[in-house]
Amino acid sequence: MVEIQYRNARIKLGDTDLVYEPAEDSFLLADAALKEAKPGMRILEIGAGSGFVSAVLLANLKDISLVATEINPHAARCAKANAVEVIRTDLFKGIKPRHLESLFDLILFNPPYLPTSKEEKVPGWLNYAFDGGISGRETMGRFLDDVRDYLKPGGEILVLISSITGLDVVKEKMEKSGFKAEVVAKKKVSFEELMVVRGKLL
Ligand SMILES: C[S@@+](CC[C@H](N)C(=O)[O-])C[C@H]1O[C@@H](n2cnc3c(N)ncnc32)[C@H](O)[C@@H]1O
């Protein structure tokens, strides 16, 4: 199995025909999350993929508790092999926000963010890594509709988007959902600019 080293973490990659291979978007989100996360935090990563972002946090931060979800069973297995506690589910399904203690301080998502037509879909589970629907914002929109129910008061989200996804529309949706939205990291990569948008619950 191929492994990569990133910021003190050694991460096993799955079969890249089945599991998203960490790329510039993963690195940008992991670095932004390392800046936001503090010891003692409860952290949730949605769409863990190989487990890259979660594994980097676990390797670099003491005393965090971290759980992840992932819809692709191959990716969920890979994240488990990287010692990430992962639930194979759709977004938040199966996570019960019953008590204040079970809510999260920080929620991360590097979603499928590319506008994707029927013809552009890739076969099998890997499609979930790329397919943001016609707008590029379908999965992220569902995420933003529900995420505040899983956050502690004053909690934060970090969401990775591309300039192609439409920063203004994403910020507007975040603000409508009760967040103060701000770009906290960005990187130009060939034809697009990748950005991490932080939403702080007001
Ligand atoms: C762009 S990849 C990012 C993977 C990893 N977090 C990283 O940064 O390398 C998006 C991931 O979200 C997962 N995903 C897409 N839709 C999902 C959903 N509804 N529920 C849970 N995971 C989902 C995909 O299977 C994929 O692994």
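In listed order, ligands and their atoms are each counted from 1.
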Identify the closest protein heavy atom to [atom]: which residue and atom is it, and at what distance?
atom                    : value
atom 25 (O) of ligand 1 : Glu70 OE2, 2.5 Å
atom 5 (C) of ligand 1  : Ala48 O, 3.3 Å
atom 15 (C) of ligand 1 : Tyr128 O, 3.1 Å
atom 1 (C) of ligand 1  : Ala129 O, 3.3 Å
atom 23 (C) of ligand 1 : Ile71 CG2, 3.6 Å

Out of curiosity, [X] [atom1] to [Y] [atom2], how far, rounded to the nearest 0.5 Å?
X     : Y     : atom1 : atom2 : result
Asn82 : Phe52 : CG    : CZ    : 10.0 Å
Arg88 : Ile71 : CZ    : CD1   : 7.0 Å
Asn60 : Arg7  : CG    : CZ    : 8.5 Å

Under a 4.0 angstrom heavy-atom cut-off, which atoms of ligand 1 come close to [X]?
X      : value
Glu45  : 6 (N)
Asp90  : 18 (C), 19 (N), 20 (N)
Arg142 : 19 (N)
Leu91  : 18 (C), 19 (N), 20 (N), 21 (C)
Gly49  : 4 (C), 27 (O)
Ser26  : 7 (C), 8 (O), 9 (O)
Thr89  : 20 (N), 21 (C)

List the residues meeting salt bridge (charged side-chain N to carboxylate O under 4.0 Å, His left out) with Glu156, not counting sequence neighbours, and say none if there are none.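 If we apply the salt bridge (charged side-chain N to carboxylate O under 4.0 Å, His left out) test to Glu156, skipping adjacent residues, the hits are Lys200.
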
Grab the two heavy atoms, one from Asp145 and one from Lys173, that are nearest each other, plus how far apart they are.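 Distance-wise, the nearest heavy atoms are OD1-NZ, 2.6 Å.
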
4.0 Å heavy-atom contact, [X] with ligand 1:
X     : result
Glu21 : no
Val19 : no
Leu29 : no

One residue to check: [X]. Relative to ligand 1, which of side chain, backbone, both or neither has a non-hydrogen atom less than 4.0 Å away?
X     : result
Ser50 : neither
Tyr20 : side chain
Val53 : side chain

Using the side chain to side chain contact (heavy atoms under 4.5 Å, CB included) rule, pick out the option among Val170, Ile161, Leu167 that qualifies with Val183.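 One option only clears the test, and that one is Leu167.
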
With Ser163, which of Lys188, Lys186, Glu193 fulfils side chain to side chain contact (heavy atoms under 4.5 Å, CB included)?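 With Ser163 as partner, Lys188, Lys186, Glu193 yield a single side chain to side chain contact (heavy atoms under 4.5 Å, CB included), made by Glu193.
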
Who gets closest to atom 10 (C) of ligand 1 by heavy atom: Asn127, Asn72, Asn110?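 Looking at heavy atoms only, Asn110 sits closest to atom 10 (C) of ligand 1.
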
Can you figure out which of Gly14, Gly47, Pro111, Ser54 has its heavy atom closest to atom 4 (C) of ligand 1?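 Among Gly14, Gly47, Pro111, Ser54, the closest heavy atom to atom 4 (C) of ligand 1 belongs to Gly47.
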
Are the side chains of [X] and [Y] in touch, meaning some heavy atoms are under 4.5 Å apart?
X      : Y      : value
Pro111 : Phe143 : no
Glu85  : Leu66  : no
Ser50  : Tyr20  : no

Kindly assign one of parallel, tilted or perpendicular to the pair Phe92 and Tyr150, based on the angle between their ring planes and the thresholds 30° and 60°.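 Correct class here is parallel.
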
Output yes when a side-chain donor or acceptor of Asn127 lies under 3.5 Å from a complementary backbone atom of Pro123, and no otherwise.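 No, Asn127 side chain to Pro123 backbone: no donor-acceptor pair under 3.5 Å.
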
